[in-house]
Each structure stands twice: as structure tokens, then as C-alpha cells.
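Quick note: numbers below take in every heavy atom, side chains included, and nothing from hydrogens, waters or symmetry partners.
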Amino acid sequence: MKTGIYVPLITPFKKNGEVDYEGLAKATKFAIAKNVDGIYAVGGSSEFCLLTMEERKRCLEVIIANAEGKEVIAHVGSQSTAQSVELAKHAKEAGASMLSAVAPYYFGYTFAQIKDYFHKVAHATDLYLMIYNAAQARSYSLEEMKELLEDEKISAVKYTGYNFYFLERLIQAYPDKKFYTGADEAFLAGTAVGAHGAIGTTYNYYAEKYVEARQLFLQGKNAEALEIIHKLNDITEAVITCGNTIAATKYVMTLQGLDIEPISREPFSPLTDKDKATLEKAYKNTKF
């Protein structure tokens, strides 16, 4: 896996709620054109929990077919270990570069159960696994995460959180593994503590600016990097306030010329006219 920026691709839907696979192919090419290192496929930004198993498999296949040789990390997380293992084996067959998985949620599983889940997913194929550390699924103590990282098949972490002491400690303790931030609005903070890259929803429309900001920061041009981040966070703030971050992201993509419906599956509600006006204003004001 490379050091850099990966786009957690959205899933376009048709007005009738079906997956728009043609739109997904376009969205993949749209993201790849933004100078990214790869795609994070069928994760939270893809609304994976609102997709069937067959839809998840086909989405991954479409993304890999249109990724123009870029790395594709296949998110295979599920409530069921058996389903995650099935998705992992399919990802290997489909040509994914790497696996990723969020922990099963809702039932409040013990750490021992979560550890066994990750072990079985990681060892289901010869692909390496990235743990998706998302707080809405499960929070980990530093010692728990270190215990998980002792597994040689777990080679990376996507950390969507704001405790950068926690992240720095992991980076320092495991120099042979890679760590990526997932909180778009805290992008530079992750870079400052040594994150190897980032994977964030808003990269679907402005990945190239995050690439630029990261390069500037690593060159010591902190003020220039921060100037870009201020503008990016202005539109991120507008996206978050809409109440449906993913549909709002899709709408901004349509403002950039991508022909998809800016909608999500229920129980998400549609964007209102007020939401769209807010996004249009933010996009106009922060357009680079």
C-alpha cells in the first residue's frame, strides 16, 4: 500500500433506489483523475450497510474495472464473520489490492470476539488487512489496538478519530505498518503526527487539493497548506450541516460535472432545497 490519498468512493443510486453501476464507473474515473493513489471501495462512504451482499460484490468489480490500475482497498466489514470472510474471498478473486474491515457493531461484542473476527478475516486470503477504526462501530484502547496489530496479516489502520496522541503512539510503536486518518476536517493534524496518508469522504470531490496540502506540509510550507485546509473545511462544514453527508458529497460532485443523482437510500432523507442552496454557496465561495 502506498503513502498518500485514497478516495472512499460513494455509491450512486438511481431515483428508484437501484445501484447505478454506470454512474459508479463514472465516479471511479472521476476520482482517479484527481491524482489519488487509490480507491477505498464499498466502505462507509459507499453506504455499504445499505447494500446487499451481491451489490457489494458487483460494486467492487465495477470499481476495480475502472480504477485504471490504481490500488483498490476492498472494505469487507460486516455484522457477520461468515459474510466478511465471503466478501474477503470475493475481493481476492476480483483483484483487490488489500482488504479493510470495520468491527461488527450493535451487539457490544467483547474484545476477544472482535479480535477473533479480525483474525479470521485477515487470514481468509493472502491479502493484507487494514482495520477500519471507526468510533461509531467500536472504540479501542491503546493496548487493544496494539494487540490487534501483533497479527502479521494486519498491516494498516484507518483511524477516524481525533485523539492524535493515540495515533502517534501507534505510529511510533509499529514503524513497519501504515496509518491513515479518516476525519477529513482533521487532515493536517494526522499528517503532523506522521500519518502515512488519509481516506476521507470529501476527497470524492477535492482529492487533488488534499494531495497538494499534504505535499506542501511535508515540504515545510505550513502556512500554504493551512490556507488550503481552511477553504476545504469551509465546504466540509457545509456538507456536515446538511444532515446527510454522503448525499451532500454527491451533490458537490454534480456541481463539478459528474452525472449522478445526489441521493442516498432510505432511511436517509433527500436533500432539501435549502441544503442544496447551502452547498452551492459554499462551493462557489471555496472553489479553487
Side-chain angles (χ1 to χ4, degrees), residues 1-2 4-78 86-100 127 130 132 158 184 198-211 239 244-266 268 270-271 279 283:
M1 186 178 180
K2 295 181 179 178
I5 303 298
Y6 288 74
V7 175
L9 202 64
I10 50 86
T11 300
F13 295 103
K14 299 178 182 179
K15 289 182 178 179
N16 64 4
E18 295 178 358
V19 176
D20 180 2
Y21 293 107
E22 183 178 340
L24 180 59
K26 293 177 182 177
T28 305
K29 293 181 181 296
F30 185 83
I32 291 297
K34 295 182 179 295
N35 194 32
V36 299
D37 294 284
I39 299 292
Y40 186 90
V42 202
S45 301
S46 298
E47 302 169 69
F48 78 91
C49 51
L50 302 180
L51 302 174
T52 67
M53 287 284 284
E54 291 310 307
E55 286 172 336
R56 291 181 68 172
K57 290 177 181 179
R58 188 173 173 193
C59 282
L60 178 62
E61 291 166 2
V62 170
I63 291 168
I64 290 173
N66 290 276
E68 300 177 9
K70 295 279 188 176
E71 290 185 331
V72 176
I73 303 168
H75 175 260
V76 299
S78 171
E86 179 182 339
L87 289 168
K89 291 179 178 178
H90 170 264
K92 167 64 178 177
E93 294 171 0
S97 310
M98 188 178 187
L99 303 175
S100 181
L127 296 178
M130 168 190 285
Y132 181 7
K158 177 188 176 186
D184 305 29
I199 304 167
T201 305
T202 61
Y203 307 172
N204 276 278
Y205 53 81
Y206 266 145
E208 73 279 11
K209 302 312 296 184
Y210 286 96
V211 171
V239 166
N244 185 342
T245 300
I246 300 171
T249 295
K250 294 175 186 179
Y251 190 70
V252 177
M253 295 168 78
T254 69
L255 296 178
Q256 293 184 324
L258 182 63
D259 183 20
I260 60 170
E261 294 290 336
I263 56 177
S264 296
R265 275 185 173 165
E266 293 182 343
F268 281 120
L271 295 174
L279 293 168
Y283 180 68

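- The only member of I73, I32, N66 that meets side-chain contact (heavy atoms from CB on, under 4.5 Å) when paired with I39 is I32.
- In this structure, Y132 and H75 have perpendicular ring planes: the angle between them is above 60°, well past the 30° mark.
- No side-chain heavy atom of I263 sits less than 4.5 Å from a side-chain heavy atom of K250.
- The shortest side-chain heavy-atom distance between L60 and V72 falls under the 4.5 Å cut-off.
- By the 4.5 Å heavy-atom criterion applied to side chains, L127 and M98 are not counted as neighbours.
- Crowding of E22 atom CD: a count of heavy atoms from other residues, nucleotides or ligands under 6.0 Å not exceeding 12.
- Every residue two or more places apart in sequence or in another chain that forms a side chain to side chain contact (heavy atoms under 4.5 Å, CB included) with D184 is listed here: T201, T202, Y203, Y210.
- Residue pairs meeting the salt bridge (charged side-chain N to carboxylate O under 4.0 Å, His left out) criterion with at least one member in residues 66-77, sequence neighbours excluded: K29-E68.
- Within the 4.5 Å cutoff, the side chain of C59 has heavy atoms near those of the T11 side chain.
- Just one of E47, E55, E18 meets the salt bridge (charged side-chain N to carboxylate O under 4.0 Å, His left out) condition when paired with R265; it is E55.
- Between the side chain of N204 and the main chain of P8, a donor-acceptor pair closer than 3.5 Å is present.
- By the 4.0 Å N-to-carboxylate-O rule, E61 lies too far from R58 to be salt-bridged with it.
- Considering only heavy atoms from C-beta on, V7 stays 4.5 Å or farther from K34 through its side chain.
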| message | One pair to check against side-chain contact (heavy atoms from CB on, under 4.5 Å): V19 and F13. What are the steps and the verdict? | response | CA-CA 4 Å; V19 176; F13 295 103; 3.9 Å; yes
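- Residues Y205 and Y251 form no side-chain contact, since every pair of their non-hydrogen atoms from C-beta on lies 4.5 Å or further apart.
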